[in-house]
Amino acid sequence: TVKWNHIDLRFSSPYEFRMEVELTTDELEVRFKGNRGTAANDSDRIPLRNTHELNDCFSCGNTSCYKHPNKKSTLPLTSMTTFVLDEKWPEFDNYIHQTVGENDTFLIPIQKSRWIKTNRYSWKGIQGRKVDSVFMKTFKRALKLRYAAKGKHNIFEMQLALDREVALAMAKKIPLTATHLVVSQNLLPHLWECGALGGRTFDVLMTRTPLKDLHETLDSAFAKYPQSPTLSDFRAPREYLELERKALAHARKIITPHIEIAKRFVNKSELLNWCLPKLKNAHWIPGNKILFPASAVGRKGAYEMKEIAEALNLDIVISGRNLEGDNFWEDVSIQKFNGDFNQIKCIVFPTYVEHQPRLLLRAKAMGIPIVTTPASGLQPSEKIVIINIHQKEEWMETIQYFMNEKYAMI
């Protein structure tokens, strides 16, 4: 039976078969699969019993059932949204604060308290509303990732596994009365896998490119730079990609400030504005150096940055670590970025992957020119030039233009 008290489908088969049952937003899909050519023929069918033997709505005697013919009224369903959230982004924080309803509820990793001071999960919209959390799973995730960062573990694979534990713990706490969910992307595939999204509509807070597209981008870069020790990592299992693909296909809305991600879901995306940081001192004294706002890793465009620096004889300031090898920058003049934008003339970021460009947003707020790829997720403007990573001549010309441009001190 699919819905008591009717027998919806009854059959017998002498062959092995498998049942697949999936609850989508508004449908229950039941599939029967067996080896090709083993389907039962008409002679194998068993006739149904007479209607009066099925214990239907007119004969079951359960007068309290809401489906009983004499039942005059039922309680109306109340629409309620549950926000299933992970790490806070200011763009999503503002969006939720503006859209949250009076009866909506929240599921977050950790609640801030007198002992827990972190603002990472402190969303504005939770004030005065029902909030639940999964402290132990979140604490375990934080502890393992911090320990793994000091060793040679695959952080990305570990992150996926630990996110799954957090998501499954949250799934158990989603109220049965929640008809709509707003879900952080890293939790999405796991909630889809366990069935928590079935029978509900849901929106996704997109924090990165879909993994299938991300894999294709990194595979293309690795084919170009097979010597890179970093371009072959940052991969998820194939089944994870399929779970995310299915969940995103069924999502009602994709919410993101990243313009390139929004373009991938043009018919159902909602593009938010990036939040520019509030700077106490926005004074900028242009210098003669280029800032590469990332660690030296292949997916951030380190090889392209090195080629540009060598061709134009540029002095490079780097904001992260060197992960491509000790001698990677051997023919380039480099120094470590100390957080001071003075002496920086231009930011150059030929990246393949950038999901949260906070350093670029800070530079934008100060009026510093930026040359980057569409992967950064920024809108082009007078001082933000977006160039495809493969257009080398245009990169050279644009960088030379900004390096030769004279800026008044602001």
Side-chain angles (χ1 to χ4, degrees), residues 87-94 119-120 149 155 206-209 214 217 230 234 256-261 272-306 308-309 314-324 328-329 332-387 389 395 398-399 402-403 407 410:
E87 185 174 351
K88 180 181 68 176
W89 280 24
E91 295 80 12
F92 297 139
D93 196 22
N94 291 338
N119 289 317
R120 181 176 293 181
I155 302 295
M206 290 288 283
T207 54
R208 56 163 170 73
T209 306
L214 183 60
T217 298
T230 65
F234 220 70
T256 180
H258 197 291
I259 186 171
E260 283 303 302
I261 294 176
L272 307 179
N273 293 321
W274 287 108
C275 292
L276 295 181
K278 297 178 181 179
L279 304 176
K280 293 182 179 179
N281 183 10
H283 185 68
W284 172 49
I285 303 175
N288 59 355
K289 291 182 172 60
I290 290 288
L291 173 60
F292 177 65
S295 295
V297 291
R299 65 179 178 272
K300 297 297 184 180
Y303 286 90
E304 285 77 8
M305 185 71 260
K306 181 181 178 183
I308 291 170
L314 300 174
D315 291 332
I316 305 297
V317 179
I318 305 170
S319 67
R321 297 179 295 163
N322 180 15
L323 301 178
E324 288 293 328
F328 180 76
W329 299 105
V332 179
S333 172
I334 63 168
Q335 67 183 72
K336 184 75 174 178
F337 183 54
N338 61 5
D340 185 4
F341 282 99
N342 289 331
Q343 308 307 315
I344 300 297
K345 189 68 175 283
C346 176
I347 293 179
V348 177
F349 195 28
T351 185
Y352 290 90
V353 179
E354 179 54 62
H355 298 132
Q356 197 174 180
R358 298 298 168 194
L359 197 57
L360 298 185
L361 293 172
R362 186 179 168 198
K364 177 183 177 182
M366 297 179 70
I368 302 173
I370 300 170
V371 187
T372 187
T373 65
S376 292
L378 299 180
Q379 293 270 16
S381 64
E382 182 181 355
K383 287 191 176 182
I384 300 179
V385 180
I386 308 298
I387 308 175
I389 199 168
W395 277 92
T398 306
I399 293 168
F402 282 123
M403 291 301 291
Y407 297 102
I410 59 173

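- For the atom pair CD1 of Ile259 and CG of Leu272, the computed distance is 12.5 Å after rounding to the nearest 0.5 Å.
- Of the possible polar contacts, one joining the Trp274 side chain to the Pro257 backbone as a donor-acceptor pair under 3.5 Å is found.
- Of the possible donor and acceptor atoms, none in the side chain of Ser295 sits under 3.5 Å from a partner among the backbone N and O of Gly320.
- When only modelled atom types and interatomic distance are considered, Gln356 and Thr207 share no side-chain donor-acceptor pair under 3.5 Å.
- Interatomic distance, OG1 of Thr351 versus NZ of Lys300, reported as 5.0 Å (0.5 Å rounding).
- To the nearest 0.5 Å, the span separating CD1 on Ile318 from CD1 on Ile334 amounts to 4.0 Å.
- Applying the side chain to side chain contact (heavy atoms under 4.5 Å, CB included) rule to Thr398 yields the partners Val371, Val385, Ile387, Glu394, Phe402; only residues at least two apart in sequence or on another chain are considered.
- Judged by distance alone, the side chain of Lys306 and the main-chain N or O of Phe328 form a donor-acceptor pair under 3.5 Å.
- When Ile308, Val332, Val348 are each tested for a side-chain contact (heavy atoms from CB on, under 4.5 Å) with Leu314, only one passes: Ile308.
- Environment of CG in Asn273: sparse, with no more than 12 heavy atoms of neighbouring residues, nucleotides or ligands closer than 6.0 Å.
- With sequence neighbours excluded, the residues that form a side chain to side chain donor-acceptor pair (under 3.5 Å) with Asn119 are Lys112.
- The closest side-chain heavy-atom distance from Ile370 to Phe349 is not below 4.5 Å.
- In this structure, the side chain of Glu324 does not engage the main chain of Ala302 through any donor-acceptor pair within 3.5 Å.
- In plain terms, the two heavy atoms of Gln379 and Ile384 that are nearest each other are O-CG2, 3.7 Å.
- Pairs of residues two or more places apart, or lying in two chains, that qualify as side chain to side chain donor-acceptor pair (under 3.5 Å) and include a residue from residues 359-372 are Thr372-Ser376.
- Judged by distance alone, the side chain of His258 and the main-chain N or O of Arg208 form no donor-acceptor pair under 3.5 Å.
- Ion pairing of Arg358 with Glu91 is present here, as a side-chain N (NZ or NE/NH1/NH2) and a carboxylate O approach within less than 4.0 Å.
- Here Ser319 contributes atom OG and Leu359 contributes atom CG; the two are 5.5 Å apart, rounded to the nearest 0.5 Å.
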Next item on the list: Kindly determine whether Ile399 and Ile290 satisfy side-chain contact (heavy atoms from CB on, under 4.5 Å), including the steps that lead there.
Entry: CA-CA 9 Å; Ile399 293 168; Ile290 290 288; 4.2 Å; yes
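- When atom types are taken as modelled, the side chain of Thr373 and the backbone of Pro350 share no donor-acceptor pair closer than 3.5 angstrom.
- Other residues, nucleotides and ligands contribute more than 12 heavy atoms inside 6.0 Å of the NZ atom of Lys336.
- Taking NZ of Lys289 as the reference point, atom CD of Gln343 lies at 6.5 Å (rounded to 0.5 Å).
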Next item on the list: Run the numbers on Leu378 and Leu361 for side-chain contact (heavy atoms from CB on, under 4.5 Å), then give the verdict.
Entry: CA-CA 9 Å; Leu378 299 180; Leu361 293 172; 3.8 Å; yes
Next item on the list: Walk me through it: do Leu279 and Met366 pass the test side-chain contact (heavy atoms from CB on, under 4.5 Å)?
Entry: CA-CA 8 Å; Leu279 304 176; Met366 297 179 70; 3.2 Å; yes
Item checked: Worked verdict on Ile261 versus Thr209 for side-chain contact (heavy atoms from CB on, under 4.5 Å) -> CA-CA 6 Å; Ile261 294 176; Thr209 306; 4.3 Å; yes
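- Met403 and Lys345 make their closest contact through O-NZ, 2.8 Å (heavy atoms, listed as atom of the first residue, atom of the second, distance).
- For the atom pair CG (Asn342) and CH2 (Trp284), the distance works out to 9.5 Å, reported to the nearest 0.5 Å.
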